[in-house]
Amino acid sequence: MALLDEMAVLAQAGGAAVMAAAATDGWHRFSDRAARLLGRGDPALEGAAADRLDRTAAALRAASDGDEQERVRTEHARLWRDEFADLLAAPGPTDVNRVMAELRALAEEFGAAPSTSGQTIVNTTFHGPANVQYGHHSRQDIRFGSAE
């Protein structure tokens, strides 16, 4: 997988990991590690990242029903994906390989392991019949309704 593709997959997995961890008992451990990673060794940046992470968890807790929770999850997963993408693309002394390894470990530990196939499906809710085809050259014969 090309480096830029791998970075995109890791950023997506990082966003999904934030949402996977937000409603768990491991949230504080996750948010501390993610804030340190995003802070790049700068206490002010780390504090700002911790505040943003806490706002995400609070927004999810405040969501009133399943539809609102799904909207919040989708919106915040996208925001954190972009945040991690910016981190991975940051110029300067950031060691990209180290950051990628830390982000991969964080995502794997909190249930949002990056896909090695280059294809990722996360935070998906289906309401009614659905057809998902996944993989290289895969074939599915889908029939909804009666067997007639």
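Heavy atoms only: backbone and side chains are in, while hydrogens, waters and symmetry mates are out. These figures come from a predicted structure and were not determined experimentally.
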Please report the closest heavy-atom contact between [X] and [Y], naming both atoms and the distance.
X: L53; Y: A35; value: CD1-N, 3.8 Å
X: A11; Y: L103; value: N-CD2, 4.3 Å
X: V72; Y: A63; value: CG2-CB, 4.3 Å
X: G41; Y: P43; value: O-CD, 3.5 Å
X: D67; Y: D65; value: N-OD1, 3.1 Å
X: L88; Y: V96; value: O-CG2, 3.9 Å

Would you give the length of the straight line joining atom [atom1] of [X] to atom [atom2] of [Y], rounded to the nearest 0.5 angstrom?
X: D82; Y: L87; atom1: CG; atom2: CG; answer: 12.5 Å
X: Q69; Y: T74; atom1: CD; atom2: OG1; answer: 11.5 Å
X: L37; Y: L45; atom1: CG; atom2: CG; answer: 12.0 Å
X: R98; Y: M100; atom1: CZ; atom2: CE; answer: 12.5 Å

Check this for me: does any side-chain nitrogen of one of E46 and R40 sit under 4.0 Å from a carboxylate oxygen of the other? no

Is R78 salt-bridged to E83, cutoff N-O under 4.0 Å? no

Are the side chain of R73 and the backbone of M19 linked by a donor-acceptor contact shorter than 3.5 Å? yes

Is it true that atom CG of D25 has more than 12 heavy atoms of other residues, nucleotides or ligands lying nearer than 6.0 Å?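 No, the 6.0 Å shell around CG holds no more than 12 heavy atoms from other groups.
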
Taking distance alone, no hydrogens or angles, what donor-acceptor pairs closer than 3.5 Å link side-chain atoms of residues 55-62 to residues at least two apart or in another chain?
unit_1 : atom_1 : unit_2 : atom_2 : d
T56    : OG1    : R52    : O      : 3.4
T56    : OG1    : H76    : ND1    : 2.9
T56    : OG1    : W80    : NE1    : 2.8

What do the steps show when you test R33 against E109 for salt bridge (charged side-chain N to carboxylate O under 4.0 Å, His left out), and what is the final call? CA-CA 11 Å; R33 285 179 54 195; E109 183 176 339; 2.4 Å; yes

Among residues two or more places apart or on two chains, list those pairs meeting ring-ring contact (aromatic ring centres under 6.0 Å, His included) that have a residue in residues 2-48. W27-F30, F30-F110

